[in-house]
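Here is how names work: the chains are called A, B, and so on, in the same order as the sequence lines, proteins then strands, and each is numbered from 1. The basis for the numbers below is simple: all heavy atoms, side chains too, and nothing from hydrogens, waters or symmetry mates.
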Number of protein chains: 2
Amino acid sequence: MSLEHAILVSLSEQSSSGYDLARRFDRSIGHFWTATHQQVYKVLGRMESAGWVVADVVEQDGRPDKKVYALTDDGRAELREWLAEPAQPEVTRSELAVKVRGAANGDVRAVLAEVRRHRELHADRLDTYLANEKHEFPDPARLRGRRLHQYLVLRGGISLERGAIEWCDEILTALTPATKRTR
Amino acid sequence: MSLEHAILVSLSEQSSSGYDLARRFDRSIGHFWTATHQQVYKVLGRMESAGWVVADVVEQDGRPDKKVYALTDDGRAELREWLAEPAQPEVTRSELAVKVRGAANGDVRAVLAEVRRHRELHADRLDTYLANEKHEFPDPARLRGRRLHQYLVLRGGISLERGAIEWCDEILTALTPATKRTR
DNA sequence: TTCCGCATGTAACCAGTTACATGATTAC
DNA sequence: GTAATCATGTAACTGGTTACATGCGGAA
């Protein structure tokens, strides 16, 4: 697909500036799609030319002006069509996995240190996701529509991180010498 | 990183042709890194210029000639250095997740059908991985070194697929009307 | 005779990253 | 004074995808 449709989804929830979108791609939607601000601006330009979004310049005091983008009817139509298309299966590219596979060609302990570091990164992300879940969706059983969909995506992020942590632990258990492990 | 190092790892296990490498990227290593044959050939060219690999033309009867690539000492050195560097955390890009999040903007049932389709794709991949595990690593407790590392990466693929299936199921349970579910 | 597997590639293109650039305000 | 946050962008580059091209052998 590419960023376009992720932006359409994001704008369907809330009109916002490129800056704001870029920040949201560091959070909520960002669990499953990332984008730098440079790319967001570039793509927004294209989308405006295509007539999917319109910009409204908002002046602020004490802060730079901003362009707030909103979906047009064409944008909404595009989004609807895209949703009906098949989604291609995600490709997981894990540099860490390649390093683990090739570890015997270098210093295995260095690779293990990386696995440990990644484990912590995933644990941190899991914590933020869980805090998010607790704070934003305290009563999941009652959720309907949009909110339920958002919740489900967050749940996906949570189980992804849990899986990653478990995998790191499996590697660490298997590759840490028993002498170190038991002491 | 990029493909280069994945190819170095692959060649460290077994010298092979570009065609063969491309096929392996559809399997074993491919759980965590993919590449088309076009890209493999392109990168192999670059790697040969850099002196990381050498090609040996092998004539075959009844089949086209092939170039079998092998690691050089420089290639091995490069691999060793790369293994000592930190790995950047993977970015998971899931088109399906974006569709789930935006589902309310279109036909929710169409998105659910996609979730169901993806569930089956993941289930199929899980089956191949499990068959692989059983066949190639019947006695995991005894594994050491390279073989153990390969096994651990396969385990990662397995838990990734399991996680994906569970997530799909969670979505299906949450979004399928109870009337259809209980029947 | 048509399609699949083996085997290697080129060319055009697109998506995404990194580096660079500007400028005001606020908090330490 | 120094760094962080808000806000928008351009330019160069890299990595990866898609389309196209060739040619033999064997199976259906």
Side-chain angles (χ1 to χ4, degrees), chain A residues 1-8 15-27 29-30 32-50 53-69 82 87-95 98, chain B residues 1-8 15-27 29-30 32-50 53-69 82 87-95 98:
Chain A
M1 79 161 178
S2 70
L3 193 47
E4 266 92 340
H5 298 98
I7 290 182
L8 287 178
S15 296
S16 39
S17 66
Y19 183 85
D20 235 59
L21 278 170
R23 268 183 43 222
R24 283 208 253 157
F25 277 99
D26 261 9
R27 303 157 178 259
I29 277 203
F32 288 117
W33 209 270
T34 51
T36 56
H37 76 268
Q38 291 93 327
Q39 210 198 335
V40 168
Y41 287 123
K42 196 168 24 168
V43 169
L44 276 174
R46 250 190 278 150
M47 291 170 77
E48 199 179 6
S49 310
V53 296
V54 270
D56 180 30
V57 178
V58 176
E59 286 173 38
Q60 305 179 105
D61 53 297
R63 287 183 182 182
D65 297 358
K66 62 177 177 181
K67 290 195 210 168
V68 175
Y69 290 89
W82 173 76
Q88 54 185 87
E90 63 263 35
V91 213
T92 311
R93 289 201 157 157
S94 168
E95 198 176 342
V98 180
Chain B
M1 76 163 181
S2 70
L3 192 49
E4 265 93 339
H5 298 98
I7 290 182
L8 286 177
S15 297
S16 38
S17 66
Y19 183 86
D20 234 58
L21 278 170
R23 267 185 40 223
R24 283 208 253 159
F25 276 100
D26 263 6
R27 302 158 179 257
I29 276 203
F32 288 117
W33 209 269
T34 50
T36 56
H37 76 268
Q38 292 94 327
Q39 211 197 335
V40 168
Y41 287 123
K42 193 165 33 167
V43 169
L44 276 173
R46 250 189 277 149
M47 291 171 76
E48 198 179 6
S49 309
V53 297
V54 271
D56 181 31
V57 178
V58 176
E59 286 171 40
Q60 305 179 105
D61 53 296
R63 288 180 181 186
D65 297 358
K66 62 176 177 181
K67 290 195 211 168
V68 174
Y69 289 90
W82 173 77
Q88 52 185 89
E90 61 264 34
V91 213
T92 311
R93 290 203 155 155
S94 167
E95 201 177 339
V98 179

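Atom pair A/Glu48:CD and D/dG9:P shows a separation of 9 Å (rounding to whole Å applied). To the nearest angstrom, P of C/dG5 lies 21 Å from CG of B/Asp65. Between the CZ atom of A/Arg23 and the P atom of D/dA4 there is a distance of 16 Å, rounded to whole Å. Residue B/Gln60 contributes atom CD, which lies 9 Å from atom C1' of C/dA7 at whole-angstrom precision. Atom NE2 in A/His5 sits roughly 15 Å away from atom P in C/dC14 (whole-Å rounding). In this entry the distance linking CD of A/Glu95 with P of D/dG15 reads 12 Å, nearest Å. As a whole-Å value, the separation of B/Lys66 NZ from C/dG9 P is 14 Å. What separates NZ of B/Lys67 from P of C/dA7 is a distance of 14 Å, to the nearest Å.
Atom CD of B/Gln60 has more than 12 heavy atoms from other residues, nucleotides or ligands within 6.0 Å.
Between B/Phe25 and B/Trp33 the shortest heavy-atom distance is CD2-O, 3.4 Å.
Of the inter-residue distances, the one linking B/Thr34 atom OG1 with B/Leu3 atom CG reads 9.0 Å to the nearest 0.5 angstrom. How far CH2 of B/Trp82 is from CD of B/Glu4: 11.0 Å, rounded to the nearest 0.5 Å. Atom OH of A/Tyr69 is separated from atom OG of A/Ser16 by 11.0 Å, given to the nearest 0.5 angstrom. Expressed to the nearest 0.5 Å, how far NE2 of B/His37 lies from OG of B/Ser17 amounts to 12.0 Å. Considering CG of A/Leu21 and OH of A/Tyr41, their distance stands at 9.0 Å, rounded to 0.5 Å.
At D/dG9, none of the side-chain N or O atoms of A/Tyr41 fall inside 4.0 Å of OP1 or OP2 (strictly under the cut-off). Proximity of B/Arg93 to the phosphate of C/dG16: a side-chain N or O atom is located under 4.0 Å from OP1 or OP2. The shortest distance between the side-chain N/O atoms of B/Arg46 and the OP1/OP2 oxygens of D/dG15 is below 4.0 Å.
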Would you tabulate the pairs of protein nitrogen or oxygen atoms and nucleotide nitrogen or oxygen atoms of nucleotides 18-28 of chain C closer than 3.5 angstrom?
unit_1 : atom_1 : unit_2  : atom_2 : d
C/dA19 : N6     : A/Gln38 : NE2    : 3.0

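One can find a donor-acceptor pair under 3.5 Å joining the base of D/dT17 and the side-chain atoms of B/Lys42.
Annotation: the terminal axes of the helix from C/dT1-D/dA28 to C/dC28-D/dG1 meet at 30°, where each axis is the rotation carrying the C1' atoms of four end pairs onto the next four (5 pairs per end, rounded to 10°).
Comparing atom distances between the B/Tyr19 side chain and each of D/dT8, C/dA7, C/dG16 picks out C/dA7 as nearest.
Under a 3.5 Å cut-off, the side chain of A/Glu95 and the backbone N or O of B/Ala87 do not form any donor-acceptor pair.
When each of A/Arg46, A/Met47, A/Lys67 is checked for a side-chain contact (heavy atoms from CB on, under 4.5 Å) with A/Val53, only A/Met47 meets the rule.
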